[in-house]
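Take a look at the structure below.
The sequence lines fix the lettering, A, B, ..., with proteins before strands; numbering per chain opens at 1.
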Amino acid sequence: MYEIVSKKDLSSDIHLLEIKAPMIAKRAKAGQFIMLMVDDKGERIPLTMADWNSEKGTVTIIELEAGKTTKQLGMLKVGDKLRSIVGPLGMETELENHGTVVCIGGGIGIALMYPVVRALKQAGNEIISIMGSKTASTMILEEEISAVSDVIHICTDDGTKGHHGFVSDILKQMLDEKKPIDMVYAVGPIIMMKVISDITRPFGVHTVVSLNPIMVDGTGMCGSCRVSIDGKTKFACVDGPEFDGHKVDFKLLIERNRRYLEEEKRSLEKFDKEVQ
Amino acid sequence: MAEEKKPKKERVKKKYPMPEQPPEERIHNFNEVPIGQTEDVIKKEAQRCLQCKPSEKRKLCYDGCPVGIDIPAFIKKIQEDDLEGAIGIIKRYNNLPAVCGRVCPYENQCEGNCVVGKIKDSEPVAIGRMERFLADWERARGVKAPELPPRKDKKVAVVGSGPAGLTVAADLAKKGYQVTLFEALHSPGGVLVYGIPEFRLPKAIVRAEVSYIETLGVKLVTDAVVGKSISMQELSEQNDAIFVATGAGLPKWMNIPGENLNGILSANEFLTRANLMKSYMFPDADTPNRIGKKVATIGGGNVAMDCARTSLRLGAEESWIIYRRTETELPARIEEVHHAMQEGVKFQFLTAPVKYEGDETGYVKKMECCRMKLGEPDASGRRRPLVCPGENFELDVDTVLIAIGQSPNPIVPQTTPEIKTTKWGTIVVDDWQRTSMKGVFAAGDIATGDATVILAMGGGKRAAEAMDRYLSENEDWPAPETWEQ
Ligand SMILES: Cc1cc2nc3c(=O)[nH]c(=O)nc-3n(C[C@H](O)[C@H](O)[C@H](O)COP(=O)(O)OP(=O)(O)OC[C@H]3O[C@@H](n4cnc5c(N)ncnc54)[C@H](O)[C@@H]3O)c2cc1C
Ligand SMILES: Cc1cc2nc3c(=O)[nH]c(=O)nc-3n(C[C@H](O)[C@H](O)[C@H](O)COP(=O)(O)OP(=O)(O)OC[C@H]3O[C@@H](n4cnc5c(N)ncnc54)[C@H](O)[C@@H]3O)c2cc1C
Ligand code: FES
C-alpha cells in the first residue's frame with residue numbers, strides 16, 4: 001500500500017498528490033509515468049510523474065478529474081493509501097541541448113510538461129513556454145514553469161488571462177516571424193497536439209508530442225495503448241509515450257480513446273450517485 | 001519379484017464422470033465448470049489402474065509426465081486409502097497440483113500413454129482428476145508449512161510470479177534461502193491470474209498457493225517491473241543468485257490491414273481486463289471490457305478457447321473460433337474444446353482473416369477471410385496450412401480477439417545486455433537453466449517460448465536444484481563461448 005503524504009488542490013478539479021513510493025522515486029526520469037490503482041476493484045490508470053524526491057521516497061502526480069478514477073483520486077486525503085502504483089514506465093525524454101525549445105502545454109498537459117521543461121532547461125536549452133487553459137482560474141503551475149523558462153506566454157480560451165485564444169496562435173506567430181526554433185515539445189488535448197504538429201510540419205521543426213492512449217498494464221503486455229507512428233504500430237507504454245508529432249496518426253488515437261465512452265459515463269454516474 | 005495375482009473382476013471401461021455445471025447455466029456465470037468428485041468416486045477410479053511396472057516395450061503414464069510423477073505409486077496409495085501419502089508423492093515432483101490437476105493437457109501426457117486407455121472401448125484412468133481431487137482435499141484440510149531448516153545467509157531474487165517463479169521461490173525457501181519474489185503486476189500468479197479464467201482455475205487456488213509460499217518466509221514485492229523499477233544489476237548486487245521467469249506475455253499480431261480498429265483486441269488485453277481487472281463485475285469493478293454481439297477469436301489454442309468462452313459469459317450472442325487448420329490439429333486441451341462446443345462456441349476451420357473493415361466511428365464491422373487447405377507436414381510435424389486463392393469471403397463481426405500466441409517478455413533481456421537471447425527472444429539457458437550472466441538462471445515461458453504450466457513448473461524445479469548446487473558447493477559458470485551459438 002502506498003500512502004498519500006501531501007495533497008494540494010490546484011484548481012477545483014486539478015489536484016496534486018505526493019505519494020510514498022521509494023522504488024519509483026529512485027529511478028524516475030522526465031517524460032516517464034506511473035500506473036496506479038486506487039483500490040482492489042479500481043482501474044489501472046497512467047499518470048505522468050510531475051515531480052519526485054528520491055530522498056523522501058515520494059513521487060508527485062497532478063491529475064485532472066476526467067472520470068470515475070480521477071475523481072475518486074481527487075477525493076482522497078493525506079494518509080489514505082493506494083492499492084497499487086508501479087513505475088517508472090515508458091521511455092524518458094531525450095534531454096540534449098537542442099538550442100531553443102518551445103514547450104507547449106494545454107490544460108492538464110501543463111503538469112505533464114513541467115518535469116520536461118525543467119530537465120530541458122537543465123540540459124542548457126533556451127526555453128519558451130506557452131501555456132493554455134480554458135480560463136484564468138484553471139491555469140496551473142504558472143510560477144513553477146516561469147522559474148525554469150526564459151520566456152513564458154499564457155493563453156486562455158475566454159481571454160480572462162493573457163492572450164485570448166489558443167496556444168497554437170502564439171506558435172504560429174513565432175514561426176511566421178522566423179524566430180529560430182530548434183524543437184517544439186507539446187502535450188495536452190489530442191486535438192491541440194495535432195494542430196501544433198500540423199503548424200510546424202511545413203517549417204520542418206522537430207516536434208515531440210506526449211500521447212495518452214488508454215492503457216491497462218503499462219508494461220507492453222496487452223496492446224491497448226497501440227498507436228500508429230509512420231504507419232507502424234507501436235505500444236505507447238513501452239515505445240513512448242513521446243513520439244515525433246509529424247508521424248503520429250492522430251485520427252486513430254482520437255477514435256481509439258473513444259472506445260469506452262458509454263462505459264466511462266456509466267461508471268461515473270454510478271460513482272456520483274454513491275458519493276452524494 | 002513375482003507378478004502379484006490380480007483378482008479377476010469386471011473392468012470399468014469409462015472414467016467415473018465428473019459432475020459439471022450444465023452449459024446453459026454456466027455461460028451466465030464465472031464459476032468453475034467441473035464441480036469436483038467425492039472421495040468415494042476417486043477411490044473407485046483408482047481401482048481402474050493396472051499398476052503397470054516399468055517396461056522397455058512401451059511408454060507408460062509417467063513417461064508422458066513432463067516432470068515424471070510416479071503415478072502408479074500415488075494411485076496405489078489411494079487404493080490403500082492413504083490420501084495423505086498419495087498427495088505426498090505428487091508433491092515431491094509437482095508444487096502446483098491443484099493448478100496442474102485443472103489445466104494440464106493430460107490427454108497428450110500421462111493419460112495419453114495409459115494402458116487402460118489402449119484397451120478397446122476403454123478410457124484411460126482419470127489421472128488428472130485424481131491429482132485435482134487430492135490437491136483440493138489437502139487444501140481443504142489446511143496445508144501445514146513444513147519445518148524449515150535454519151536460515152542460510154544467502155539471498156535469492158526471483159523475477160516473475162507465474163508457475164516457474166512460484167516453484168523456485170518455494171523450493172529455495174524450503175532449503176533455507178532468503179527469497180524475494182518480484183512481480184510487475186499488482187497481484188502475483190502470472191498467467192494463472194491474468195490469463196486463465198476463473199471458470200477454469202479459481203483464483204482462490206492461486207491465492208492459497210501464494211499464501212503458502214509466504215508462510216515459508218518468501219518476501220513478495222508486487223508492482224515491481226524488473227528492468228524499470230529496479231535493475232538486474234541492483235538485484236545482482238543485493239543477491240547471491242537470481243531466477244528470471246518473466247514468461248511470454250507479449251501479444252503477437254498478424255499485421256494485416258485494419259488490425260488497430262476499435263473492437264479488435266489481443267487475447268491478453270481481453271483476458272487481463274476480464275480476469276485480473278475483474279471486468280465481469282463492471283460497473284462494480286471499474287475496468288470496462290466491451291463485448292459485441294458477434295465475436296470472432298482468431299487461433300485454436302487454450303488462449304483462444306478462453307477468449308471464446310469468456311465472450312459468451314460477458315454477453316456475446318455468437319462466439320466463433322476462426323482457425324486455419326482443422327479440428328484434429330487444434331492445439332487446445334481436448335476438454336476445453338468439448339466445453340467450448342457444449343457452450344455453443346462455433347468453429348470455422350481452414351479459415352484465416354486477411355483484413356478488417358470498420359464503420360465511420362472506427363469500430364470493426366467486417367472481416368475478410370481466406371480459405372485454407374492442408375499441405376505437407378512442416379518442421380513441427382503438423383500439416384502446413386495453404387491459402388486457396390480466389391476463395392475469399394466476408395464475415396460480419398463486431399469484436400475480434402487475436403489469440404495466435406505470445407512472445408517472450410522483452411524487458412529483462414532488453415535492459416540487461418549480458419543476458420543472451422535467441423532470435424525468438426527467449427533467454428538462452430543450458431541444462432542447468434543457467435543463463436549467460438553469472439548467477440542468473442531462467443526457466444518457464446521466457447526460456448521455452450509459450451508452453452504449459454507443467455513445463456514451467458518443471459523448469460523451475462530444475463533451476464531450484466541447480467541454484468542450490470551453485471549457492472552451496474559449486475560457483476563455476478560456463479565460459480562465455482558456451483553461449484555463442
Ligand atoms: C502516459 C499518460 C500519462 C498521463 N498523465 C496524466 C496526468 O499526469 N494527469 C492527468 O490528469 N491525466 C493523465 N493522463 C490521462 C489519464 O490517465 C486519464 O485521464 C485517466 O485514465 C482517466 O480515468 P478516469 O476513470 O478518471 O476517467 P474515464 O471516464 O475512465 O476516462 C476519461 C478519459 O480518459 C481516457 N482514459 C480512460 N481510461 C484510461 C486509461 N486506463 N489509460 C489512459 N487513458 C484513459 C479516455 O480517453 C477517456 O475518454 C495520462 C495518460 C497517459 C496515457
Ligand atoms: C489464456 C491462457 C491460457 C492458458 N491455458 C493453459 C492450460 O490450460 N494449460 C497449460 O498447461 N498452460 C496454459 N497456458 C500456458 C501457461 O499458463 C504458461 O505456459 C505458464 O503460465 C508459464 O509460466 P511462467 O512462470 O513461465 O510465466 P507466466 O505465468 O507468464 O508469469 C510470468 C510473470 O512474470 C511477470 N513479469 C514479466 N516481466 C516482468 C518484469 N520485468 N519484472 C517482474 N515481473 C515480470 C509477469 O507479470 C507474470 O506475472 C495458458 C496461457 C494463457 C495465456
Ligand atoms: S498498456 Fe498494455 S501494452 Fe501498453
Side-chain angles (χ1 to χ4, degrees), chain A residues 2 21 23-24 26-27 32 34-45 67-69 72 83-90 214 216-228 232-233 235 238 249 251-264 266-271, chain B residues 182-187 194-195 221-225 227-231 234 246-253 255 259-273 276-279 281-290 358-363 402 406-407 409-411 414:
Chain A
Y2 308 85
M23 194 152 59
I24 306 175
K26 206 169 144 194
R27 299 177 65 86
Q32 291 185 302
I34 52 97
M35 299 286 302
L36 69 74
M37 216 173 137
V38 175
D39 55 34
D40 246 331
K41 290 182 179 167
E43 187 169 13
R44 291 168 65 101
I45 65 160
K68 147 91 211 265
T69 306
Q72 186 185 14
R83 164 69 175 80
S84 158
I85 166 168
V86 60
L89 302 172
I214 297 178
V216 181
D217 61 304
T219 65
M221 281 168 59
C222 76
S224 171
C225 64
R226 60 200 197 274
V227 290
S228 176
K232 290 193 195 74
T233 298
F235 287 5
V238 287
D249 182 343
K251 179 171 171 280
L252 180 73
L253 180 60
I254 291 171
E255 280 171 0
R256 286 188 60 77
N257 270 15
R258 291 200 184 123
R259 269 182 291 162
Y260 298 105
L261 281 185
E262 280 165 42
E263 289 83 355
E264 285 159 1
R266 236 177 107 195
S267 187
L268 183 60
E269 281 168 3
K270 178 169 180 284
F271 182 69
Chain B
F182 294 89
E183 169 54 50
L185 292 169
H186 57 270
S187 296
Y194 80 72
V221 183
T222 48
D223 302 317
V225 185
K228 288 275 183 187
S229 317
I230 185 163
S231 68
E234 282 167 87
T246 46
L250 196 71
K252 285 187 187 158
W253 302 93
N255 297 314
E259 220 170 16
N260 289 336
L261 284 166
N262 289 347
I264 304 184
L265 288 76
S266 73
N268 259 10
E269 177 180 352
F270 178 72
L271 292 172
T272 301
R273 285 177 179 275
L276 182 70
M277 305 312 298
K278 310 188 179 84
S279 78
M281 287 159 61
F282 184 85
D284 290 330
D286 294 339
T287 309
N289 205 5
R290 187 182 289 189
D359 61 15
E360 37 328 303
T361 61
Y363 261 88
I402 317 281
Q406 289 88 231
S407 312
N409 280 329
I411 295 181
Q414 261 170 15

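For the options B:Thr272, B:Ile230, B:Leu250, B:Val225, heavy-atom pairs under 4.5 Å to chain A are most numerous at B:Ile230.
For B:Ala224, the parts sitting under 4.5 Å from any heavy atom of chain A are the backbone and the side chain alike. With a 4.5 Å cut-off on non-hydrogen atoms, A:Leu252 touches chain B through its side chain but not through its backbone. At a 4.5 Å heavy-atom cutoff, the contact between B:Leu185 and chain A is made by backbone and side-chain atoms alike. Contact annotation for B:Gln414: neither backbone nor side-chain heavy atoms come within less than 4.5 Å of a heavy atom of chain A. Of the two parts of A:Glu262, the backbone and the side chain both hold a non-hydrogen atom closer than 4.5 Å to a non-hydrogen atom of chain B. For B:Ser407, no part sits under 4.5 Å from any heavy atom of chain A, backbone or side chain. Using a 4.5 Å cut-off between heavy atoms, B:Gln406 does not touch chain A at all. Contact annotation for B:Asn409: only side-chain heavy atoms (C-beta onward) come within less than 4.5 Å of a heavy atom of chain A. For a residue to count as touching a neighbouring chain, one of its non-hydrogen atoms must lie under 4.5 Å from one of that chain's; by this rule B:Lys228 touches chain A with backbone and side chain alike. Interface residue B:Tyr194: only side-chain heavy atoms are found under 4.5 Å from chain A. Looking at B:Leu261, only its backbone comes within 4.5 Å of chain A, counting heavy atoms on both sides.
The side chain to side chain contact (heavy atoms under 4.5 Å, CB included) test with A:Arg44 is passed by exactly one of A:Thr69, A:Val86, A:Leu36: A:Val86.
For B:Thr361, the side chain to side chain donor-acceptor pair (under 3.5 Å) partners are B:Asp359, not counting sequence neighbours. Residues satisfying the side chain to side chain donor-acceptor pair (under 3.5 Å) criterion with B:Asp284, sequence neighbours excluded, are A:Lys270.
Other residues, nucleotides and ligands contribute over 12 non-hydrogen atoms within 6.0 Å of the CZ atom of A:Arg83.
Defined by atom type and a distance below 3.5 Å, a donor-acceptor pair is present between the side-chain atoms of A:Asp39 and A:Gln72. Using modelled atom types, one finds a donor on one side chain and an acceptor on the other under 3.5 Å when comparing B:Asp223 with A:Tyr2.
Taking every heavy atom of both residues into account, A:Ser224 and B:Arg273 meet most closely at OG-NH2, 3.6 Å.
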